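Data first, discussion second: the structure below is written as structure tokens.
Every chain is numbered from 1 and lettered A, B, ... according to where its sequence line falls, protein lines coming before strand lines. No experiment lies behind these values; they were computed from the predicted model shown.
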Protein chains: 2
Amino acid sequence: MNLLADQPERPRERADAARNRARVLEAAAGLFTSRDPRTVTMDDVAKAAGVGRGTLYRRFPDVASIARALLDEHERALQEKLLRGEPPLGPGAPPAERLAAFYAAMVELLDAHIALVLGAETGPRRFETGAYGFWRAHVRALTAEHTTTVAAGAEVDALADVLLAPLAPELFERLRADGRTTTEITATLTNLAHRVLP
Amino acid sequence: MNLLADQPERPRERADAARNRARVLEAAAGLFTSRDPRTVTMDDVAKAAGVGRGTLYRRFPDVASIARALLDEHERALQEKLLRGEPPLGPGAPPAERLAAFYAAMVELLDAHIALVLGAETGPRRFETGAYGFWRAHVRALTAEHTTTVAAGAEVDALADVLLAPLAPELFERLRADGRTTTEITATLTNLAHRVLP
DNA sequence: TCAACAAGTGGACACTCTGTCCGCTTGAGA
DNA sequence: TCTCAAGCGGACAGAGTGTCCACTTGTTGA
């Protein structure tokens, strides 16, 4: 998902279909942010959007996929910055700096769209999404760049996942609910980045 | 949960009730380990145990609570070792050593009982369980002990949660499915422990 | 040994959500 | 304006949940 721009040239979407797609996304966005996104059902979305269940299922297999569609553009934007943006987020800075910048950007993204991220996670799990694969590849590259010793093959793989673990959305939600500010969270992660990749 | 031994002196359980409780736990243990624990339903357990739904609901509000009951004794054993066992797991060793030992013990526990841990997590979230609170307090104490500077109040709080994040059961499951051995995972976490609490 | 009765049992019920199916409607190209 | 595939939406069957309550059974005191 969201690694390359799609839209090759399918038969072209009918006007009413496009209108309904927009309605669905708008209604879903409202539902996700107005209550616990994990309790939103397909039926809720259909009702709120004023379309039938069949219509909804025609495009989205489940609620998570709707949340993912909404989240997609934001994740894409960050991915772009990681690949081609200015340092320290983009290439050029030392690994620790880049990791810290990535953490900061992810915290920002989580803070802005936590409802969508939580909604996107119900059902099939987080690690299966294409976005997770991207973050993982990024962090893996940073740690590999840092680790001069060659021996650490599997080590680097596992480390990438371990370094992504603190970005688990439920954890973020929990920290925020406990009164931690995003500034504090970012500070902690920055610290972590510099200790792990000194 | 599971911080202090309960069983004060309730009216005493009837013999048939005790028998059914045992049946339920045994049947549930079988179900959890023989397929994806997140798909086990109350109905399944009732059927497998040969009791009615009402009987099952009398004791356990949901499947997660059954998994937790099964997991309880194992967690209790580890908690005991952390509080009063030999170093480096128990008190006496430097923080980094203790954290590494804790990681190793948790990986062992996850490896032995991953099905139960995953089953215990469906529904209400992981962070709400008493066990998580215990691990958190432990790690928090270790980091606080290490951090000589006093300024780091909130920092230490968030750090404890961040250091626990790599122990998320879904992540463990994923790493194992990817072919990582527990040895590799433990090595990575030991490394992390020594870098964060040098 | 035997009531008496509280504790325990289990299945029926009413709900909610899911995912599919299919007859009807409608937009867009000829 | 006609045609028809794309699109629509509600009905339906299936699975799971949690509750309720009439029936059964273990335990206790006489």
Exercise. Start at the 5' end of DNA chain D and walk down; is the nucleotide closest to R23(A) or to D44(B) reached first?
Worked result: R23(A)

Problem set entry | Nearest-nucleotide pick for R14(A), side chain only, options being dG27(C), dA11(D), dT27(D) | dG27(C)

For this session: Could you check how far CZ of R53(A) sits from P of dT16(C), rounded to whole Å?
Result: 13 Å

Problem set entry | Side chain of Y57(A) (C-beta onward), nearest among dG19(C), dG16(D), dG27(C) | dG19(C)

For this session: Return no unless some side-chain N or O of N20(B) is found under 4.0 Å from OP1 or OP2 of dG8(C).
Result: no

Exercise. Atom CG of D43(A) to atom C1' of dA11(D): distance rounded to whole Å?
Worked result: 13 Å

Exercise. Does the dT9(C) base have a donor-acceptor partner in the side chain of R58(B) within less than 3.5 Å?
Worked result: no

Exercise. Could E173(A) and R38(A) be called an ion pair, given the rule that one side-chain N must be under 4.0 Å from one carboxylate O?
Worked result: yes

For this session: For the residue pair F127(B) and Y132(B), categorise the inter-ring angle as parallel (less than 30°), tilted (30 to 60°) or perpendicular (more than 60°).
Result: perpendicular

Exercise. Could you give the CD-to-C1' distance, from E13(B) to dT27(D), as a whole number of Å?
Worked result: 14 Å

Problem set entry | Touch class at under 4.0 angstrom, heavy-atom based, for R59(A) against every strand present | sugar-phosphate

For this session: Please examine the side chains of L189(B) and L167(B), heavy atoms only from C-beta on, and report whether any two atoms are closer than 4.5 Å.
Result: yes

Exercise. Between T39(A) and G54(A), which is nearer to the 5' end of DNA chain C once each is assigned its nearest nucleotide?
Worked result: T39(A)

For this session: Specify the separation, in whole Å, of atom CZ of R38(B) and atom P of dA15(D).
Result: 22 Å

Problem set entry | Length of the CZ-C1' vector between R21(B) and dG26(D), whole Å | 16 Å

For this session: Starting from the C-alpha separation in whole Å, work towards a yes-or-no answer on side-chain hydrogen bond (donor to acceptor under 3.5 Å, both in side chains) for T41(B) and D44(B).
Result: CA-CA 5 Å; T41(B) 72; D44(B) 293 334; 3.1 Å; yes

For this session: Would you indicate which nucleotide in dT19(D), dT18(C), dG8(C) comes nearest to any side-chain atom of D16(B)?
Result: dG8(C)

For this session: Whole angstrom is fine here: how far is it from CG in L56(B) over to C1' in dG8(C)?
Result: 14 Å

For this session: Please examine the side chains of R68(A) and E75(A), heavy atoms only from C-beta on, and report whether any two atoms are closer than 4.5 Å.
Result: no

Seminar exercise, completed: To the nearest angstrom, the NZ-P distance between K47(B) and dT9(C) comes to 18 Å

Exercise. Base, sugar-phosphate, or nothing for T55(B), non-hydrogen atoms under 4.0 angstrom?
Worked result: base

Exercise. F60(B) has an atom CZ; how far is it from atom P of dG10(C), in whole Å?
Worked result: 15 Å

